[in-house]
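First the structure, in the form of structure tokens, and then the observations on it.
Along the sequence shown, the residues carry numbers beginning at 1. What you see is a predicted model; the values in this text were computed from it and never measured. Both backbone and side-chain heavy atoms feed into the values below; hydrogens, waters and symmetry mates do not.
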Amino acid sequence: MFDNFVKSAKEFLDLLTNTSVGTTLTAIGLILLFVALYTLQKLFKTKPEDTSEWLKFIAAGSLVAGVVFSGAGPSFALMKLNENRIRTLSKDEAFDNLNKNKRINWAIRLIPYSPGAESDLDLPISKLKTLGPPTTAYTFVSPYAELKGYSVEDAVNMSGSKLTPGQRVSAIIFPVEESVIPASGRGLLQVIQKIDYDNSNPVKERFISQIGLSADEIDDLANQTNLDSWSWQGYGRRFNRYCKIAHKFRCGGNFEEKRSISKLERDWHPAGATKATKQEPCLGSDSYCDVDDWDQLKEQIRDSFGARIFFIKNISLDKLRTRYMIDFDNPKHQIIPDIGVNESDH
């Protein structure tokens, strides 16, 4: 609680110092209070019969005005804060969206990079040609509506990436016109299926053929149009099974399909979300998959939940009909902007 108070106080002081009118009012107030203290000190040292009426007036006036101006500065800063603040989606709301698999119409991809030391994975806006690394067929995106208003640094962490000191962030915000697949254990298997049966890039040893899916599971994975099929109600009873298969894929070997999918880092959770953790899942068992109901899953990841994530086909940026591309040079203090679209807009 104390840490939260300190963080809030620092943010408010930053706001105050970055608000020119608020800073000016506060500075005037402090000067007047200093004058008031100085004149009061003179009054205390002067005999009543020798006291100037003007000195009394200056002491009283500067004291009252100092209090007024000192209070006006922070009040103005708070007023500006309320005017300019972008409403952020709460963790509970985002977590409920995960449960129900709420549709996303706008997506965001955040790419941290180090100026002068770029790689195919980390590039500035000027060098980006595709949504994801050029060698992959599927990459991760997050719901724009669930990250806007957060600092860029927080949004990067929430979406499963990490910033190092000195890094900048490339951001691509775009309407979802290509189909997206929730990056859950179920969604991962569906993406693997697409890769296995893509004739343009033959896979010699298909992962799907090695795991022995049941007829019921094959039918379930074939359903890729019904949004409810990715909700917990739609696939929760199969979560344990899909999660353990996903664990095997992530940790069990050098499967060919891995080359075509953005890397499943330790932050990835088979519920279709990122999860802040310092533990490496591949160093342990798949016991985290032993979940039978939503409340149990919620208890497991609620406090460390970052954001929902989705698989999307890695396409050329030229194919995006509409796109907003931003290069954030100060991700700690800059925020994901509100670009003025509704979730129903395209």
Side-chain angles (χ1 to χ4, degrees), residues 89-109 131-132 137-148 158-160 172-195 197 208 213-243 245-246 261-262 264 268-275 289 291-298 301-302 305-315 319-322 341-346:
L89 202 73
S90 72
K91 180 179 287 190
D92 285 329
E93 291 174 296
F95 205 76
D96 188 56
N97 290 346
L98 176 67
N99 180 6
K100 298 175 181 176
N101 185 41
K102 183 178 178 180
R103 179 190 297 275
I104 68 166
N105 291 317
W106 285 80
I108 183 169
R109 177 159 164 74
L131 272 178
Y138 290 87
T139 191
F140 291 114
V141 294
S142 296
Y144 162 68
E146 295 175 20
L147 294 183
K148 70 178 180 180
M158 290 167 66
S159 59
I172 310 167
I173 304 170
F174 60 98
V176 175
E177 295 175 339
E178 293 280 335
S179 61
V180 292
I181 297 177
S184 60
R186 178 179 188 262
L188 174 63
L189 293 182
Q190 290 172 319
V191 168
I192 292 172
Q193 278 186 320
K194 289 178 180 291
I195 296 169
Y197 296 100
I208 291 296
L213 293 173
S214 68
D216 177 66
E217 290 166 345
I218 292 173
D219 288 342
D220 175 59
L221 294 175
N223 185 353
Q224 298 187 23
T225 57
N226 183 356
L227 284 177
D228 290 337
S229 69
W230 287 289
S231 69
W232 181 261
Q233 184 177 359
Y235 86 102
R237 63 188 178 88
R238 300 183 179 91
F239 175 81
N240 184 302
R241 164 76 167 155
Y242 290 159
C243 179
I245 295 174
I261 304 173
S262 288
L264 300 172
W268 176 71
H269 192 280
T274 60
K275 175 181 181 290
C289 295
V291 174
D292 298 320
D293 56 53
W294 177 253
D295 289 337
Q296 189 179 358
L297 179 66
K298 186 173 182 178
I301 69 171
R302 166 64 177 78
F305 170 73
R308 291 195 292 162
I309 48 175
F310 294 78
F311 289 115
I312 190 170
K313 198 164 185 180
N314 187 21
I315 60 173
K319 293 185 177 180
L320 295 175
R321 179 172 56 87
T322 302
V341 296
N342 296 318
E343 262 300 271
S344 59
D345 291 343
H346 278 280

Inset, instruction - Show the numbers, then the answer: is there a side chain to side chain contact (heavy atoms under 4.5 Å, CB included) between V141 and V176? - result: CA-CA 10 Å; V141 294; V176 175; over 6 Å; no

Legend entry - Chi angles and distances behind the side chain to side chain contact (heavy atoms under 4.5 Å, CB included) call for N223, R186: CA-CA 11 Å; N223 185 353; R186 178 179 188 262; 3.9 Å; yes

Inset, instruction - Tell me, yes or no, whether the heavy-atom count around K313 atom NZ, taken from other residues, nucleotides or ligands under 6.0 Å, exceeds 12. - result: no

Legend entry - Considering all heavy atoms, the nearest N240-C289 contact: ND2-O, 3.3 Å

Legend entry - I181 and W230, any side-chain heavy atoms less than 4.5 Å apart: yes

Inset, instruction - Give, for atom OG1 of T274 and atom CH2 of W268, the distance between the pair rounded to the nearest 0.5 Å. - result: 12.0 Å

Inset, instruction - Using a 4.5 Å cut-off on heavy atoms from C-beta on, say whether the side chain of L147 contacts that of S159. - result: yes

Inset, instruction - Kindly determine whether K102 and E146 satisfy side chain to side chain contact (heavy atoms under 4.5 Å, CB included), including the steps that lead there. - result: CA-CA 11 Å; K102 183 178 178 180; E146 295 175 20; 5.6 Å; no

Legend entry - Shortest non-hydrogen contact between A145 and L89, atoms and distance: O-CB, 4.2 Å

Inset, instruction - Search all heavy atoms of F239 against all heavy atoms of P270 and return the closest pair with its distance. - result: CE1-O, 3.6 Å

Inset, instruction - Quick one: closest heavy-atom pair of Q296 and D293, and the distance? - result: N-OD1, 2.8 Å

Inset, instruction - To the nearest 0.5 Å, tell me how far M158 CE sits from I309 CD1. - result: 12.5 Å

Legend entry - Any donor-acceptor N/O pair, R109 side chain to L131 backbone, under 3.5 Å: yes

Inset, instruction - For the residue pair V291 and W232, establish whether any side-chain heavy-atom pair is separated by less than 4.5 Å. - result: yes

Inset, instruction - Please find out if less than 6.0 Å separates the ring center of F310 from that of F140. - result: no

Inset, instruction - Find the distance between CG (L213) and CG (L221) and round it off to the nearest 0.5 Å. - result: 6.0 Å

Inset, instruction - Please check if atom CD in E93 has more than 12 non-hydrogen atoms from other residues, nucleotides or ligands closer than 6.0 Å. - result: yes

Legend entry - L189 vs E217 side-chain heavy atoms within contact, under 4.5 Å: no

Legend entry - Derivation of the side chain to side chain contact (heavy atoms under 4.5 Å, CB included) call for Y144 and I104: CA-CA 8 Å; Y144 162 68; I104 68 166; over 6 Å; no

Legend entry - Donor-acceptor contact present, side-chain W294 to main-chain G236, <3.5 Å: no

Inset, instruction - Check whether any side-chain heavy atom of T322 sits under 4.5 Å from a side-chain heavy atom of E177, and report yes or no. - result: no

Legend entry - Within-4.5 Å side-chain heavy-atom neighbours: N101 and D228: no

Legend entry - Between CZ on residue R302 and CG on residue D295, distance to nearest 0.5 Å: 12.5 Å

Legend entry - Sub-4.5 Å side-chain heavy-atom contact between H269 and L297: yes

Legend entry - Closest non-hydrogen atom pair between R308 and N97, with its separation: NH1-O, 3.5 Å

Legend entry - Approximate separation, where rounding is to 0.5 Å, of S262 OG and Y138 OH: 12.0 Å

Inset, instruction - Not counting sequence neighbours, which residues clear ring-ring contact (aromatic ring centres under 6.0 Å, His included) with F305? List them please. - result: F95

Legend entry - Spacing of S231 atom OG and N226 atom CG [to the nearest 0.5 Å]: 8.0 Å

Inset, instruction - Please examine the side chains of V341 and I173, heavy atoms only from C-beta on, and report whether any two atoms are closer than 4.5 Å. - result: no

Inset, instruction - Without swapping roles, check the side chain of N314 against the backbone of G132 for a donor-acceptor pair under 3.5 Å. - result: yes

